[in-house]
Structures are given as structure tokens and as C-alpha cells.
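The block underneath contains the structure these notes are about, expressed in C-alpha cells.
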Amino acid sequence: MKSLYEFALSIKIDFLSTALMALILLLAGVLFNWSACSDIKAIERYRLYLEQKQAEQQQIQRHQEWFSEVNKGYMELENRLNKRSE
């Protein structure tokens, strides 16, 4: 009778340890999934930041090009006016 009780107790302990291990693995999977989702969101935010930064740099470059063209036009106009007044 004692050996049957010990056998039942060992089966119960094995079941509990297996259930606990499964729970730990499940929680680890959930944490890994949460971490992966957080990483993906962070990567997406960084990609959007880089796109915004690139758009700002392109806008600054267009403004600089426009300003240099305006300066060239101003200098040409000023040269023409100076030639006419001479």
C-alpha cells in the first residue's frame, strides 16, 4: 500500500513539475513576443524619424538652391543695370 501511495505521489509531483515548466515556457514565450513587438514598433518609429529627417534635409537643400538661384538672378540684374547706367 505504501508503494502505491508513493507511486501516486510521484506521478502527482511529476505532473505539477511538468505543468510548472509549461507555465514558465508559456510566460517566456509571451515575454519574447512582447519584446519582439516592442522592437518592431521601435524600428518603425526610427524609420519614420529617418524619413522625416531626410524630408527636412531635402527641403533645406531646395531652399539653399532656391536662395543661390535668387542671388545669381539678383547679381545678373544688378550687372545689367550697372551696364545700362554707364
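Heavy-atom basis, side chains included; hydrogens, waters and symmetry copies ignored.
Residues Leu48 and Gln52 are not in side-chain contact: their nearest non-hydrogen atoms beyond the backbone lie 4.5 Å or more apart. Between Ser35 and Leu31 the shortest side-chain heavy-atom distance does not fall below 4.5 Å.
To the nearest 0.5 Å, atom CG of residue Leu20 and atom CG of residue Leu25 are 9.5 Å apart. Interatomic distance, Gln58 CD to Glu56 CD, rounded to the nearest 0.5 Å: 11.0 Å. Note that CG of Leu77 is 9.5 Å distant from CG of Asn82, once rounded to the nearest 0.5 Å. Taken from CG in Asp14 to CE in Met21, the straight-line distance is 9.5 Å, to the nearest 0.5 Å. We find the CZ-NZ distance between Phe67 and Lys72 to be 13.0 Å, quoted to the nearest 0.5 Å. Interatomic distance, Glu69 CD to Gln64 CD, rounded to the nearest 0.5 Å: 13.0 Å.
By the salt bridge (Lys or Arg N to Asp or Glu O under 4.0 Å) test, Arg47 is found to be paired with Glu44, Glu51, residues two or more places apart in sequence or in another chain being considered.
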